[in-house]
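The figures that follow rest on heavy atoms only: side chains count, while hydrogens, waters and symmetry mates do not. We number each residue from 1, following the sequence as shown.
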Amino acid sequence: MNYTSFNTNEEFFVDMQRCIGCKACELACAECETNGQESMIHVNYVDRAATVQTTVQVCMHCEDPVCANVCPADAISQDEFGIVHTANTERCIGCSNCVMACPFGVPKKEENYDLMMKCTMCYDRTSVGKKPMCATVCPSGALFYGTRDEIQEMRPNSTPVNSFIFGKETVNTKVNIMMPKGSTELIIY
């Protein structure tokens, strides 16, 4: 794969409050030929009994990916651009360590394939200057792929955050969550 045209100024931004649950992102992801018609992005209900609010779940592409760190078969890799790739089919043993270790609950073990699969930020597209499939179809702007300047112009009252606090652990990611202006981190209880 030729990564020479990868635009390092573009980033992935998720604005959870804008998700309308339409699942266009899931359908677009499933159309991607590298996914085997499986969606690597998931739309979830926050609290279905009380609200129709949904959230979108994408791989956060952690700077120090715990999913790769706990893989006994060394099947999960991170490239020079910070993209954490789905498990190498020749190496993955289907142990689910990555599924249990991810603080964001992203990797899924696909039982049909006995393989871990997850979002790769459409590396086959982003590496040649295209946007991820999900971000190209999101009608509400919950998913956006572009520059920080673009997102700041679009969301002047929000700040992109990519530092997450889980107890005493800090996880920094390539993907940003839009938070109220001035936020620097998201504490997850």
Side-chain angles (χ1 to χ4, degrees), residues 1-15 25 28-36 38-42 56-110 113 115-136 138 143-152 159-166 169-178 184-186:
M1 178 69 55
N2 178 1
Y3 290 103
T4 57
S5 64
F6 194 94
N7 185 345
T8 56
N9 292 329
E10 291 188 310
E11 299 178 57
F12 201 101
F13 301 90
V14 179
D15 192 337
C25 56
C29 185
E31 286 181 17
C32 186
E33 58 195 48
T34 58
N35 296 349
E38 300 285 339
S39 179
M40 300 297 115
I41 187 171
H42 305 284
V56 63
Q57 185 179 31
V58 299
C59 179
M60 298 301 287
H61 298 280
C62 301
E63 286 180 6
D64 184 19
V66 69
C67 60
N69 296 340
V70 300
C71 180
D74 199 26
I76 304 167
S77 64
Q78 183 178 37
D79 68 24
E80 66 213 69
F81 302 107
I83 303 299
V84 181
H85 293 275
T86 198
N88 179 325
T89 57
E90 295 176 6
R91 297 192 66 98
C92 183
I93 59 174
C95 69
S96 297
N97 282 1
C98 56
V99 174
M100 293 180 281
C102 177
F104 299 102
V106 171
K108 305 286 185 221
K109 181 179 176 192
E110 293 296 333
Y113 309 113
L115 175 72
M116 181 280 280
M117 296 177 77
K118 64 165 211 57
C119 160
T120 60
M121 203 180 299
C122 288
Y123 70 93
D124 56 330
R125 294 175 53 84
T126 53
S127 64
V128 294
K130 295 180 180 179
K131 297 183 182 302
M133 291 290 287
C134 59
T136 65
C138 182
L143 304 174
F144 178 75
Y145 188 79
T147 66
R148 282 192 176 250
D149 288 341
E150 290 173 316
I151 198 71
Q152 286 173 348
T159 300
V161 170
N162 66 346
S163 184
F164 302 87
I165 312 297
F166 295 90
E169 294 293 321
T170 299
V171 177
N172 295 310
T173 65
K174 186 170 182 63
V175 174
N176 300 277
I177 299 293
M178 299 307 292
T184 59
E185 61 193 19
L186 176 58

Between Glu185 and Thr170, is a side chain to side chain contact (heavy atoms under 4.5 Å, CB included) present by the stated rule, with each step listed? CA-CA 9 Å; Glu185 61 193 19; Thr170 299; over 6 Å; no
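With contacts defined as side-chain heavy-atom distances shorter than 4.5 Å, the pair Thr126/Tyr145 qualifies. The shortest side-chain heavy-atom distance between Ile93 and Pro72 falls under the 4.5 Å cut-off. For the pair Val14 and Met60, the minimum side-chain heavy-atom distance is 4.5 Å or more. Side-chain contact check for Met100 versus Val70: every heavy-atom pair is 4.5 Å or farther apart. Looking only at side-chain heavy atoms (C-beta outward), His42 and Lys108 come within less than 4.5 Å of each other. In this structure, the side chains of Met178 and Ile151 come closer than 4.5 Å at one or more pairs of heavy atoms. Looking at Thr120 and Met40, their side chains never come closer than 4.5 Å, going by heavy atoms from C-beta outward.
Between Asn69 atom CG and Asp64 atom CG the span is 5.0 Å, to the nearest 0.5 Å. To the nearest 0.5 angstrom, Cys67 atom SG is 6.0 Å from Lys118 atom NZ. The CG atom of Asn176 sits 5.0 Å away from atom CD of Glu11, with the distance rounded to the nearest 0.5 Å. Here the CD-OG1 distance, from Glu38 to Thr86, works out to 11.0 Å after rounding to the nearest 0.5 Å. Atoms SG and CE, from Cys59 and Met117 in turn, are 13.0 Å apart once rounded to the nearest 0.5 Å. If you take CD1 on Ile76 and SG on Cys71, they are separated by 4.5 Å, rounding to the nearest 0.5 Å.
Of the possible donor and acceptor atoms, none in the side chain of Thr173 sits under 3.5 Å from a partner among the backbone N and O of His61. Between the side chain of Lys174 and the backbone N or O of Phe81, at least one donor-acceptor pair lies under 3.5 Å. Side-chain atoms of Lys130 do not come within 3.5 Å of backbone N or O of Ser127 as any donor-acceptor pair.
With sequence neighbours left out, the salt bridge (Lys or Arg N to Asp or Glu O under 4.0 Å) criterion links Lys131 to Glu10. For Arg91, the salt bridge (Lys or Arg N to Asp or Glu O under 4.0 Å) criterion is met by no residue, not counting sequence neighbours. Partners of Gln78 by side-chain hydrogen bond (donor to acceptor under 3.5 Å, both in side chains), not counting sequence neighbours: none found. In this structure Asn88 satisfies the side-chain hydrogen bond (donor to acceptor under 3.5 Å, both in side chains) test with no other residue, sequence neighbours excluded. Applying the side-chain hydrogen bond (donor to acceptor under 3.5 Å, both in side chains) test to Glu150 and every residue at least two apart in sequence or in another chain returns Thr147. Residues forming a ring pair (Phe, Tyr, Trp, His ring centres under 6.0 Å) with Phe104 (at least two apart in sequence, or on another chain): Phe164, Phe166.
Here the shortest heavy-atom pairing between Ala28 and Met133 reads O-CE, 3.6 Å. The two residues Gln57 and Ile41 make their nearest non-hydrogen contact at O-CG1, 3.4 Å. The two residues Ala135 and Phe12 make their nearest non-hydrogen contact at CB-CE1, 4.4 Å. Taking every heavy atom of both residues into account, Cys25 and Cys134 meet most closely at CB-CB, 3.6 Å.
Ser163 and Asn172 are linked by a side-chain donor-acceptor pair at a separation below 3.5 angstrom, with hydrogens and angles left out of the test.
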